[in-house]
Amino acid sequence: MTIRTRFAPSPTGYLHIGGARTALYSWLFARKHQGRFILRIEDTDLERSTPESVDAILEGMAFLGLDYDEGPFYQTARFDRYREVLSEFIAQGHAYYCTCTKAELEERRAAQIARKEKPRYDRRCRDAGHGPSPQAVVRFKNPLEGTVVVDDAVKGRVVFRNDELDDLVIARGDGTPTYNFTVVVDDMDMGITHVIRGDDHLNNTPRQINMLRALDATPPAYAHIPMILGEDGARLSKRHGAVSVMQYRDEGYLPEALINYLVRLGWAHGDQEIFTRAEMTALFDIKDVHAAAAAINPKKLLWLNQHYIKTLPAADIAKRLAPFLAARGADLTAGPALVEVVTALQERAKTLVEMAEQAHIFYKPETVIDDPKNQAIIASTPRPALAALAEAFATAPAWTREAIHAAVETAATTHGLTFGKLAQPIRIAVTGTAVSPPIDITCALLGRERCVLRLKSAIALAFPETRP
RNA sequence: GCUCCCUUCGUCUAGUGGCCUAGGACGCUGGCCUCUCACGCCGGUAACAGGGGUUCGAAUCCCCUAGGGAGCGCCA
């Protein structure tokens with residue numbers, strides 16, 4: 001039997017980190033078993049669903065590389081099918097029309113709560129034999145006795161008593177189907193074998209299983225994965241920083257890092273922390289998913305992101321970095337090959353945004369030394385040493401890392417300075433900042449002409465009285 | 001309130017009755033390396049929610065308590 005899993009988001013917002021993990025686990029499980037991964041858009045809530053959200057979800061999945069084999073299927077395109085099953089249900093006595101008004105329901109609910117009872121529908125229309133009428137909803141006749149056993153792949157065996165359940169609405173007054181009904185029809189029609197979803201759905205599961213049984217269908221296997229918490233252990237929300245996958249992308253996170261972080265959040269394979277796509281696909285098992293909720297740890301994500309920035313091929317990183325530089329207004333034709341810059345920066349950036357910031361100095365037409373501390377560093381360096389270096393730079397036989405290093409070293413020793421004492425003012429002169437890759441690499445990337453020019457103007461600026 | 005779920009370092013986790021004086025990772029921290037920033041390397045910090053059982057032996061099995069979460073919608 002081919003394993004078939006699905007991701008079924010409702011398009012009422014962006015793809016958030018929790019949904020992404022659910023999708024990832026479903027995707028991994030399907031891929032691991034050479035199964036099929038299906039995307040289904042649950043847009044039956046006409047009020048809240050938007051096409052923008054659909055796009056955002058699709059974009060998020062594409063960014064993460066979670067490709068689907070079938071779909072996206074839209075529930076709004078399947079209303080005829082739902083109506084069909086609905087009438088079957090009614091004809092077979094599995095469902096009935098209910099004429100209780102929302103106000104009445106609300107009143108009874110309040111009374112039940114006041115009596116400290118579990119609020120649920122009292123079933124007064126169950127055997128009333130109502131026919132269809134404009135405002136009537138349709139309710140499923142849930143069994144009154146017995147139990148429903150869910151052998152959940154992550155929660156273990158969970159037993160629900162039918163007498164705890166009520167008769168849920170499966171079609172609204174306007175005839176549109178509700179979630180618990182559409183999900184059952186779809187999972188059956190689409191041949192879903194394993195339902196992997198958030199554990200907020202665990203309590204819905206027995207009702208869905210009862211409907212599946214009424215339909216004479218075999219319920220799929222279930223795996224309810226716990227939710228993701230914010231750093232503080234509270235439910236994840238915007239105030240925890242990034243929650244949307246696209247926001248992480250915009251902040252310079254790599255999909256490799258995000259995926260690796262997410263797969264380890266609630267799942268482990270011994271002590272291994274770094275997983276390639278292929279490794280996690282081979283090693284992942286839904287049964288090994290931790291049953292407890294996990295708090296997100298942004299620092300660890302950052303560490304992983306840095307790891308991938310560091311270890312992925314420079315050309316690859318350069319390709320992804322380019323848009324970030326463009327966004328900063330950098331002109332990539334005005335400087336060294338981006339790959340070379342990336343190579344110099346790979347061990348120095350935690351995100352692409354950070355790297356773009358560091359790379360930008362290699363493409364700026366001119367530098368400004370605006371920090372007084374930096375100005376002071378140049379001013380406190382013996383002018384002759386700087387002048388000699390500018391000369392050495394101008395006349396070096398070749399503009400290579402080695403030649404630059406030798407020039408700095410010679411100038412330093414000649415003037416009684418350590419390498420570092422001279423390197424720092426040069427760094428400031430040529431980049432305008434106190435931080436950059438090693439000075440020889442930095443200068444090599446910048447090019448001879450620019451280095452000499454900037455060195456000279458820095459000298460002129462720091463020692464205005466003396467002529468250059 | 002009722003039903004269901006959950007509980008190992010600050011965080012993610014390993015652990016499935018003896019290999020646990022509880023391992024790894026992030027973080028934090030001491031040191032080394034060093035031209036800045038980083039990378040890297042070596043070391044340190046810190047946990048089985050509490051209480052009862054079962055057992056020769058429990059982080060691991062059972063029960064209770066506490067704490068956290070979810071559901072109880074004509075939302076999904």
Output the rounded distance in Å from CZ (Arg401(A)) to P (C35(B)).
12 Å
For G44(B) and G24(B), measure between their C1' atoms and round to the nearest Å.
16 Å
Mind calculating the distance between CH2 (Trp303(A)) and P (G27(B)) to the nearest angstrom?
8 Å
Give the rounded distance in Å between these two atoms: CZ of Phe275(A) and C1' of G24(B).
12 Å
Winner on side-chain proximity to Asp271(A), out of A76(B), G24(B), G40(B), is G24(B)
Could you state the atom-to-atom distance from CG of Leu229(A) to P of U13(B) in whole Å?
11 Å
Between C4(B) and A49(B) - P atom distance, rounded Å:
23 Å
The criterion is side chain to side chain donor-acceptor pair (under 3.5 Å); which residues satisfy it with Arg6(A), sequence neighbours excluded?
Asp187(A)
Grab the CZ-C1' distance between Phe73(A) and A76(B) for me, whole Å please.
20 Å
Could a donor-acceptor pair under 3.5 angstrom be found where the side chain of Gln272(A) meets the base of G24(B)?
no
Within this structure, what is the CG-to-P distance between Leu265(A) and C26(B), rounded to whole angstrom?
16 Å
Want to settle it: does Thr178(A) or Tyr121(A) sit nearer the 5' end of RNA chain B, counting the closest nucleotide to each?
Tyr121(A)
Rounded distance in Å between the P positions of U54(B) and U16(B):
24 Å
Could you work out which one of G40(B), A76(B), U36(B) sits closest to the side chain of Arg348(A)?
U36(B)
With a 4.5 Å limit on heavy-atom distance, are the side chains of Tyr261(A) and Ile296(A) in contact?
yes
Using the glycosidic torsion, which applies to C9(B): syn (within 90° of 0) or anti (everything else)?
anti
Nearest-0.5 Å distance, CZ of residue Arg123(A) to CG of residue Asp167(A)
4.5 Å
Answer for the Watson-Crick or wobble partner of U7(B), both distances under 3.5 Å, is A66(B)
Within the structure shown, what part of the strands sits under 4.0 Å from Pro9(A) by heavy-atom distance: base, sugar-phosphate, or nothing?
nothing
Report yes if some heavy atom in the side chain of Thr176(A) is under 4.5 Å from a heavy atom in the side chain of Tyr82(A); otherwise report no.
no
Could you tell me whether Cys100(A) contacts a base, only the sugar-phosphate backbone, or nothing, with contacts defined as non-hydrogen atoms closer than 4.0 Å?
base
Does a side-chain heavy-atom distance below 4.5 Å link Glu357(A) with Phe324(A)?
no
If I pick the C1' atom on C63(B) and the same atom on U45(B), what distance separates them, to the nearest angstrom?
36 Å
Look at the side chain of Ala268(A) and decide which nucleotide, out of A14(B), C26(B), G69(B), has an atom nearest to it.
A14(B)
Contact between Gln346(A) and Met355(A) at the side-chain level, heavy atoms closer than 4.5 Å - yes or no?
yes
Do nucleotides 1-6 of chain B as a string where each nucleotide becomes B, S or -: B if the base has a protein heavy atom under 4.0 Å, S if just the sugar-phosphate does, - if no protein is that close.
BBSSSS
Please report the distance separating the C1' of C56(B) from the corresponding atom of U11(B), rounded so that it comes out in whole Å.
38 Å
Using the ring pair (Phe, Tyr, Trp, His ring centres under 6.0 Å) criterion, which residues pair with Phe140(A)? Sequence neighbours excluded.
Phe89(A)
Pull out every protein N or O sitting under 3.5 Å from an N or O of nucleotides 44-49 of chain B, one pair per line with the distance.
none

Arg427(A) side chain vs Val435(A) backbone, donor-acceptor pair below 3.5 Å:
no
Pair partner, C19(B) [Watson-Crick or wobble, under 3.5 Å]
none
Sidechain-backbone polar pair: Tyr363(A) side chain, Pro336(A) backbone, donor-acceptor under 3.5 Å:
yes
Taking the same atom, C1', in C61(B) and in C48(B), what whole-Å distance lies between them?
15 Å
Does a side chain donor of either Thr205(A) or Arg197(A) reach within less than 3.5 Å of an acceptor in the other side chain?
yes
If pairing requires Watson-Crick or G-U wobble contacts with both distances under 3.5 Å, which nucleotide is the partner of G71(B)?
C2(B)
Counting C-beta onward and ignoring hydrogens, is there a side-chain heavy-atom pair between Val183(A) and His201(A) closer than 4.5 Å?
no
Which part of the nucleic acid, if any, lies within reach of Gly266(A) when heavy atoms closer than 4.0 Å are counted: base, sugar-phosphate only, or nothing?
sugar-phosphate
For Glu256(A), is there an ion pair with Arg320(A) - N to carboxylate O distance below 4.0 angstrom?
yes
With a 4.0 Å cut-off on N to O distance, would you call Asp186(A) and Arg81(A) a salt bridge?
no
Would you mind reading off the distance between Lys350(A) atom NZ and C26(B) atom C1', rounded to a whole angstrom?
12 Å
Give none if U55(B) has no partner; otherwise give the nucleotide forming a Watson-Crick or G-U wobble pair with it, both distances under 3.5 Å.
none
Positions of residues 421-433 of chain A (non-hydrogen atom under 4.0 Å from RNA chain B), listed by number:
Ala423(A), Gln424(A), Arg427(A)
Whole-angstrom distance between G67(B) and C28(B), as gauged at atom C1':
27 Å
Identify which nucleotide among G27(B), G10(B), C37(B) has an atom closest to any side-chain atom of Val435(A), counting heavy atoms from C-beta outward.
C37(B)
Using the C1' atom on both, measure C26(B) against A46(B) and round to a whole Å.
13 Å
For the residue pair Phe275(A) and Trp267(A), does the interplanar ring angle fall in the parallel (under 30°), tilted (30 to 60°) or perpendicular (over 60°) class?
tilted
Under 4.0 Å between any heavy atoms, over every strand shown, what does Val137(A) touch: base, sugar-phosphate, or nothing? Just pick one.
base
I'd like a list of close polar pairs between nucleotides 64-67 of chain B and the protein, N/O only, cut-off under 3.5 Å.
none

Whole angstroms only, please: what is the CG-P distance between Asp167(A) and C74(B)?
12 Å
From C-beta outward on Arg109(A), which listed nucleotide comes closest to its side chain: G73(B), G10(B), C37(B)?
G73(B)
Looking across every strand, which nucleic acid part, if any, lies under 4.0 Å from Asn204(A) by heavy atom: base, sugar-phosphate, or nothing?
base
Need the pair for C32(B). Rule: Watson-Crick or G-U wobble, both distances under 3.5 Å, any strand; none if unpaired.
G40(B)
Give a yes or no answer on whether the side chain of Asn260(A) reaches the backbone of Glu273(A) with a donor-acceptor pair at less than 3.5 Å.
yes
Could you tell me whether Asp43(A) contacts a base, only the sugar-phosphate backbone, or nothing, with contacts defined as non-hydrogen atoms closer than 4.0 Å?
nothing
